[in-house]
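These notes are about the structure you will find just below.
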Amino acid sequence: QVQLVESGGGLVQAGGSLRLSCAASGRTFSSYAMGWFRQAPGKEREFVAGISAGGITTSYADSVKGRFTISRDNAKNTMYLQMNSLKPEDTAVYYCAARRYRAVARQEYDYWGQGTQVTVSS
């Protein structure tokens with residue numbers, strides 16, 4: 001079992017930056033691939049970025065490629081999402097998730113955090 005807690009959300013102007021963190025409990029964090037998802041009002045939850053258990057392989061949605069960077073520190077049981085050049089369309093609740101496999105993926109995640117709100121004003 002893994003418990004995930006996101007932090008770092010907030011209100012930022014377009015063009016600004018935020019860094020989200022996801023703190024995980026448990027001793028098996030380094031065995032799980034991790035991901036970030038987001039859900040805007042009235043829209044379905046969508047994949048944003050993923051990272052393999054060892055942190056070597058990453059994957060990004062086309063909409064954030066080149067602006068967002070996912071990373072993890074297995075010694076600290078923490079994953080990050082650095083978000084630069086933010087746009088109003090990035091406004092959403094951002095969720096971190098873990099999957100019981102080492103390979104990065106865009107679906108089939110087993111554990112979810114409660115989410116953190118990111119609002120980008122124009």
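Predicted model only: the values in this text are computed from it and were never measured. Quick note: residue numbers are just sequence positions, from 1.
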F47: hydrophobic cluster co-members (side-chain, 4.5 Å): F37, V93, Y95, Y109, W112
Just by distance, do the side chain of T91 and the backbone of V120 share a donor-acceptor pair under 3.5 Å? yes
What distance separates N74 CG from M34 CE, expressed to the nearest 0.5 Å? 9.5 Å
Same hydrophobic cluster for Y60 and Y80, using side-chain heavy-atom links shorter than 4.5 Å among ILVMFWY? no
Closest heavy-atom pair, I51 versus V104, reported as atoms and distance to 0.1 Å, is N-CG2, 3.4 Å
side-chain contact (heavy atoms from CB on, under 4.5 Å) for R106 and S59? Distances and angles first, verdict last. CA-CA 8 Å; R106 298 187 174 216; S59 177; 3.3 Å; yes
On a heavy-atom basis, which atom in G8 and which in L18 lie closest, and how many Å separate them? O-CD2, 3.8 Å
Specify the closest pair of heavy atoms between R72 and S52, including all atoms of both residues, with the distance to one decimal. NH1-O, 2.9 Å
dist D90:CG -> T119:OG1 (nearest 0.5 Å) comes out at 11.0 Å
Nearest heavy-atom neighbours spanning S63 and R38: OG-NH2, 3.5 Å
Between D62 and K65, does at least one N-O distance fall below 4.0 Å, as a salt bridge requires? yes
Output the distance between atom OG (S17) and atom CZ (F68), rounded to the nearest 0.5 Å. 9.5 Å
Given the rule that I, L, V, M, F, W and Y join up when any side-chain heavy atoms are under 4.5 Å apart, are W36 and Y101 in one cluster? no
Would you check if the side chain of N77 reaches a backbone N or O of G26 as a donor-acceptor pair within less than 3.5 Å? yes
Show your reasoning for whether side-chain contact (heavy atoms from CB on, under 4.5 Å) applies to D110 and Y32. CA-CA 10 Å; D110 303 293; Y32 295 145; over 6 Å; no
Might you point out which heavy atoms bring E6 and G115 nearest each other, and give the distance in Å? OE1-N, 2.9 Å
Where do L4 and A24 come nearest, in terms of heavy atoms and distance? CD2-CB, 3.6 Å
When you measure from the side chain of N84 to the backbone N and O of T69, does any donor-acceptor pair fall under 3.5 Å? no
Within this structure, what is the CD-OG distance for the pair Q82 and S21, rounded to the nearest 0.5 Å? 9.5 Å
Would you say Q3's side chain and S25's backbone share a donor-acceptor pair under 3.5 angstrom? no
What's the separation between atom OG in S122 and atom CD in E89, rounded to the nearest 0.5 Å? 10.0 Å
With no hydrogens and no angle check, is any side-chain donor or acceptor of R45 less than 3.5 Å from a backbone partner on A40? no
Would you call M83 and L20 a side-chain contact if the rule is heavy atoms closer than 4.5 Å? yes
Kindly check if the number of other-residue, nucleotide or ligand heavy atoms within 6.0 Å of CD (E108) is above 12? no
Applying a strict under-4.5 Å side-chain criterion to I, L, V, M, F, W and Y, I'd like to know whether V2 and M79 cluster together. yes
